Amino acid sequence: MILRDIMTPISETLITGDTLGRAVILMKQFKINVVPVVTKQDELYGVFTRTSLSDMIISGGQSNDSIDPYVVRDVVTLNDTTPYREVESLVKQSHVGTGIVIDQHLKPIGLFTKTDMISALFEQTKSLSHMLEQILDSSHLGAIMTDEHSTIIYSNEQAKQFLNKEELDGLCSLEFFPEVENGMVKQVQMEGNHFIVRASNFDRELNQKGYILFMQDVSEVEEMASELKTVQGLKGLLDKAMEHAYDGIVMVNKKGNIQMVSPPLCELFSIDRNKAMRKHVNEVFPQLNLLSVFQSQHAEVSDFLEIKGIKYIVNRIPIVQDNEVIGAIGKVTYRQIDDVKKVFKKLELMENQVDYYKEQLKQKDSSRFRWEQIITRDENMKKLVRTATKAAKGLSTILIRGESGTGKELFAHSIHSSSGRQLKPLVTVNCAAIPEQLLESEFFGYEDGAFTGAAHKGKIGKFDLANGGTLFLDEIGDMSLSLQAKMLRVLQEKEFYRVGGTSRVNVDVRIVAATNQPLEDLVAEGKFREDLYYRLNVISLQIPPLRDRPNDIERLIEHFMESFNSIIGTSVTAVKNDALTYMKSYHWPGNVRELSNVMERAMTFAESGQIQKEDLPEYMLRSIEESRYAQKETRMDYEWEAIEKALAKSSGNKSKAAEILGISRSSLYEKLKKYS
């Protein structure tokens, strides 16, 4: 309520200069004891009260006399939008019997008296009492209120039905409930009715206390308990279903807070399930964009998304009740996603082919790798990358050395991509993959008719293609001695002759060579030219084998897991501890390339979404077991040798020998028995 709802409205006021006769007419017409007086500009000037009227008549005032000298200027005004609570406070503090109500233009529009307030309070009390009755009736609760003497001073119809009485007011509650106390809850059976009674105190005047008793039918409570049990059972089933759901499921409430989430979803996103509960979904799973359905109110399916190399799609489903979204469910499908993608297989295949040929055209004669693609945690490897990055800026020939599978080609490509020649071609020649008789023509090209089977118009060689850029000579140790001599001339003179040609061809090519062979030994054996060796070995980079950088194994496993999930369509999320232990203890003769192959094989056979020991190649497991056995044999040899020395030193005295060995005599006897 606001003041405008409870005031006494007035339609006419007195104006300064009005007469006593007009004031009497208005008071009589509207039956009021106070009339507002305004100026000619309609601004409140004061009030003419019944006291003003009496004073004017006693002073001999006539009907035509002006009321101005008798107008009371000290007036209490209230805005018509003042809330009831504020009005109540003002009235309690005011000594003025009547207030003038004004509108936003300060114009008097009504009167407010304490009588008005009492009437309003009475109406409000009546309304609240009616609402309370409706609440109690709709709740099916019986209600009784007593005074401090346990006499019933209020009861509703439901209470009368429970107690089979037509009237309860004035009766003593102890007649029905002899042991009433604060907080009491008990079951009562009375004349065929079975109900629960709850009692609580309430404060009356003079620090006295009465009781409020609520009665509820037991059948209703039992029905609610049954429904609760059913709901709990359904929740238990739902929890089990969530735990064993094949794909990921998350459910949020109206506020976006997570109410349920399945273990597979937490596993996919590496989230602790307990920590995810009750948190906002955008904080835990922002990738799902689940709250978008709160606006659209329609289910929707996302495009293909990706995490850790695993592709997945999100079904976003709003939970609607009474045309209002009260929550949402997100279903994340990622296992066997290839079955889902069959719908788009033809289109995707065509798009992949187009993308492949575009990429091939773009990457032809260019580098495919960069330094950031070298995955390592090893400090020596990081230092080598920094050294190679500096070397790439210059023009010097670089020789990359390392075992097969360590990543020599990756280094070569990264050197080119970070050099000043990165916009020019990078041409690769594998000296071990091309027959010796064709190597020269591959390097230098040939003229028309240079040899039987030659192309009619001749062909340019790799040096021509790499002009201005970089020529990567892989497996340089397999190059023939005759070709080595010609290669040396090109490196020194920057020119060459095509096979069958007579014209010199000038080129500007930077050489990056790689080998897994010890060139020094080949030089000593006469299989590699010493002068070419020194010409190539200007800057030498030795890539360490994987067994010398064990900290990289786990990091590379994570990298290949993410990569192969995307390439071969698997959904592997982790490597179990037993498999990881074997992989860390293996010596990896094939280095990173072998690790890549092992990961591809293991992920193909992994059935539980995690790589297990059984998924690793048999040769690898056998090698590790043999290594462990050899280590055990070595330890036994050392132990036997120590016992022999102790016995010799103690002249066969077993007690002294045991003391020398730091073991008990019984332990020594056991070991002597062990070694016969």
Side-chain angles (χ1 to χ4, degrees), residues 1-135 153-154 204-206:
M1 285 192 302
I2 59 175
L3 185 55
R4 187 189 307 121
D5 301 325
I6 55 178
M7 70 179 185
T8 300
I10 54 173
S11 57
E12 290 190 49
T13 61
L14 293 171
I15 303 174
T16 53
D18 268 345
T19 63
L20 175 60
R22 176 166 167 72
V24 171
I25 291 171
L26 288 181
M27 285 181 168
K28 183 177 180 181
Q29 179 181 351
F30 295 108
K31 299 179 181 179
I32 54 179
N33 296 325
V34 177
V35 183
V37 181
V38 300
T39 64
K40 293 180 179 179
Q41 288 78 31
D42 274 346
E43 293 179 354
L44 183 64
Y45 179 75
V47 292
F48 189 79
T49 67
R50 186 172 59 180
T51 302
S52 302
L53 174 63
S54 301
D55 290 344
M56 193 170 179
I57 293 173
I58 291 170
S59 300
Q62 300 298 314
S63 176
N64 293 327
D65 289 346
S66 172
I67 63 171
D68 289 359
Y70 297 92
V71 172
V72 178
R73 299 295 304 278
D74 185 15
V75 181
V76 175
T77 60
L78 298 168
N79 193 282
D80 64 334
T81 58
T82 305
Y84 173 77
R85 292 293 182 191
E86 191 176 328
V87 173
E88 184 181 15
S89 175
L90 289 171
V91 170
K92 287 179 180 179
Q93 299 172 11
S94 175
H95 299 290
V96 179
T98 303
I100 306 300
V101 183
I102 56 176
D103 62 13
Q104 59 181 343
H105 303 296
L106 306 181
K107 179 181 178 181
I109 59 172
L111 303 175
F112 184 73
T113 66
K114 291 185 178 181
T115 303
D116 291 326
M117 194 185 83
I118 291 170
S119 298
L121 188 59
F122 177 76
E123 289 297 325
Q124 189 180 40
T125 303
K126 185 178 178 182
S127 174
L128 288 172
S129 176
H130 179 65
M131 285 190 289
L132 180 60
E133 290 282 355
Q134 287 185 319
I135 292 170
I153 57 175
Y154 169 82
R204 289 172 54 78
E205 306 87 13
L206 303 175

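Numbering of residues begins at 1 and proceeds along the displayed sequence. Here the structure is a predicted model, which is why all the values come from computation and not from measurement.
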Measure across S66 and G17 and return the closest heavy-atom pair with its distance rounded to 0.1 Å.
OG-CA, 3.9 Å
Interatomic spacing from CD1 in I100 to CG in L111 - rounded to 0.5 Å
5.0 Å
Any pair counted as salt bridge (Lys or Arg N to Asp or Glu O under 4.0 Å), so long as it reaches residues 51-60, sequence neighbours left out:
none
Please report the shortest heavy-atom distance between G60 and D65, naming the atom on each side.
O-OD2, 4.4 Å
Side chain of T39, backbone of Q41: donor and acceptor closer than 3.5 Å?
yes
Minimum heavy-atom distance between T82 and L78, given as atom pair plus value
OG1-C, 4.5 Å
Check the pair N64 / Q62 against side chain to side chain contact (heavy atoms under 4.5 Å, CB included), numbers first and verdict last.
CA-CA 5 Å; N64 293 327; Q62 300 298 314; 5.6 Å; no
Could you pull out the closest heavy-atom pair between N79 and D103, with the gap in Å?
ND2-O, 4.3 Å
List the steps, then state whether side chain to side chain contact (heavy atoms under 4.5 Å, CB included) holds for V38 with K107.
CA-CA 8 Å; V38 300; K107 179 181 178 181; over 6 Å; no
By salt bridge (charged side-chain N to carboxylate O under 4.0 Å, His left out), E12 pairs with (sequence neighbours left out) R22
Quick one: side chains of residues 45-52, donor-acceptor pairs under 3.5 Å with protein atoms, not counting sequence neighbours, listed by atom name and distance.
| residue | atom | partner | partner atom | Å |
| --- | --- | --- | --- | --- |
| Y45 | OH | R73 | NH1 | 3.4 |
| T49 | OG1 | T51 | N | 3.3 |
| T49 | OG1 | S52 | N | 3.1 |
| T49 | OG1 | S52 | OG | 3.1 |
| S52 | OG | T49 | N | 3.4 |
| S52 | OG | Y70 | O | 3.0 |

Do L20 and L53 have side-chain heavy atoms sitting under 4.5 Å apart?
yes
Contact summary for T19 and S63, nearest pair of heavy atoms:
CB-O, 3.3 Å
Under the side-chain hydrogen bond (donor to acceptor under 3.5 Å, both in side chains) test, residues paired with T13 that sit two or more places apart:
none
How would you list, by chain and number, every residue that makes a side chain to side chain contact (heavy atoms under 4.5 Å, CB included) with L106, sequence neighbours excluded?
I102
Minimum heavy-atom separation for P36 and L44, please, with both atom names.
CB-CD1, 4.1 Å
Which pairs would a plain distance check flag for residues 23-32, meaning a side-chain donor or acceptor within less than 3.5 Å of a matching protein atom at least two apart in sequence or in another chain?
none

Counting C-beta onward and ignoring hydrogens, is there a side-chain heavy-atom pair between K40 and I15 closer than 4.5 Å?
yes
